[in-house]
Visitor: 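Just passing along the structure, written as structure tokens.
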Amino acid sequence: QVQLVESGGGSVQPGGSLTLSCAASGFTFSSYYMRWYRQAPGKERELVAGMSPSGGVTVYVDSVKGRFTFSRDNAKNTVYLQMNSLNVEDTAVYYCNTPYQSLWGQGTQVTVSW
């Protein structure tokens, strides 16, 4: 079946780290751009990062530059988002996305609090 499945969310204290994963199936993963989005309570969905099919081009929203790292393993059909130095403003539901069929995962909750 065609799907994206996120995992790795949870609760951490400010300054902590978390790694999210997104497993893809049902399409030629290595041919598609991949993106991470997030949506905080009361806010619009925001593009966090994107990566080209081979990983040669990566972009980040300014607020996460230097703290988040996007990677992909085409052999495993999986992308990752390593999040360091987390702060309260990073609290959101994080979603994986690809332009193939405008496909979205179900989301995984990240909560940063004391």
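Every value quoted in this text rests on a predicted model; they were computed, and no experiment measured them. Position 1 is the first residue of the sequence; numbering continues from there. Scope of the values below: all heavy atoms of this structure, side chains included, with no hydrogens, waters or symmetry mates.
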Visitor: Do M34 and L103 share a hydrophobic cluster, counting only Ile, Leu, Val, Met, Phe, Trp and Tyr and linking them when any side-chain heavy atoms are less than 4.5 Å apart?
Guide: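 M34 and L103: one cluster.
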Visitor: Any chance you could lay out the side chain to side chain contact (heavy atoms under 4.5 Å, CB included) test for S30 and T28, step after step, and finish with the verdict?
Guide: CA-CA 6 Å; S30 61; T28 306; 4.0 Å; yes
Visitor: Would you tell me whether Y94 and R38 have side-chain atoms, one donor and one acceptor, within less than 3.5 Å of each other?
Guide: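 Per modelled atom types, Y94 and R38 side chains form a pair under 3.5 Å.
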Visitor: Write down the atom of V5, the atom of Q106, and the distance for their closest heavy-atom approach.
Guide: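 Reported closest heavy-atom pair: CA-OE1, 3.7 Å.
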Visitor: Less than 6.0 angstrom separating the ring centers of F68 and Y60, yes or no?
Guide: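 Not under 6.0 Å, so no.
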Visitor: Going only through I, L, V, M, F, W and Y residues with side-chain contacts under 4.5 Å, is there a path from Y95 to L4?
Guide: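 Hydrophobic grouping puts Y95 apart from L4.
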Visitor: Run T91 and V110 through side chain to side chain contact (heavy atoms under 4.5 Å, CB included) and show every step you take.
Guide: CA-CA 5 Å; T91 296; V110 172; 5.9 Å; no
Visitor: Relative to W104, does R45 satisfy both conditions: NZ or CZ under 6.0 angstrom from the six-membered ring centre, and within 45 degrees of the ring's axis?
Guide: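 Relative to the ring axis of W104, which defines the angle, R45 lies inside both limits.
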Visitor: Judged by atom type as modelled, is there a donor-acceptor pair below 3.5 Å linking the side chain of D90 to the main-chain atoms of P14?
Guide: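 Checking the backbone N and O of P14 against the side chain of D90, no donor-acceptor pair under 3.5 Å is found.
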Visitor: Evaluate Y100 against F27 for ring pair (Phe, Tyr, Trp, His ring centres under 6.0 Å), listing each step before the verdict.
Guide: CA-CA 8 Å; Y100 182 79; F27 64 98; 5.0 Å; yes
Visitor: Does NZ or CZ of R72 fall inside the cone over F29's six-membered ring, less than 6.0 Å from its centre and within 45° of the axis?
Guide: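 R72 over F29 ring: yes.
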Visitor: Is the side chain of T111 donor-acceptor paired with the backbone N or O of S11 at a distance under 3.5 Å, no angle test?
Guide: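 Not at all, since once roles are kept as given, no pair shorter than 3.5 Å links the two residues.
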Visitor: Is a side-chain donor or acceptor of E6 paired with a backbone partner of G107 at a separation under 3.5 angstrom?
Guide: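 The answer is yes, because a donor-acceptor pair under 3.5 Å joins these two groups.
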Visitor: Please, which pairs that meet side chain to side chain donor-acceptor pair (under 3.5 Å) have at least one residue in residues 12-23, sequence neighbours excluded?
Guide: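 Listed by first then second residue: S17-N84, T19-Q82.
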Visitor: Working to the nearest 0.5 angstrom, can you tell me the gap between C96 SG and L81 CG?
Guide: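 Reported to 0.5 Å precision, the distance equals 10.0 Å.
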Visitor: Any non-hydrogen side-chain atom of F70 less than 4.5 Å from a side-chain atom of W36?
Guide: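 Yes, their side chains come closer than 4.5 Å.
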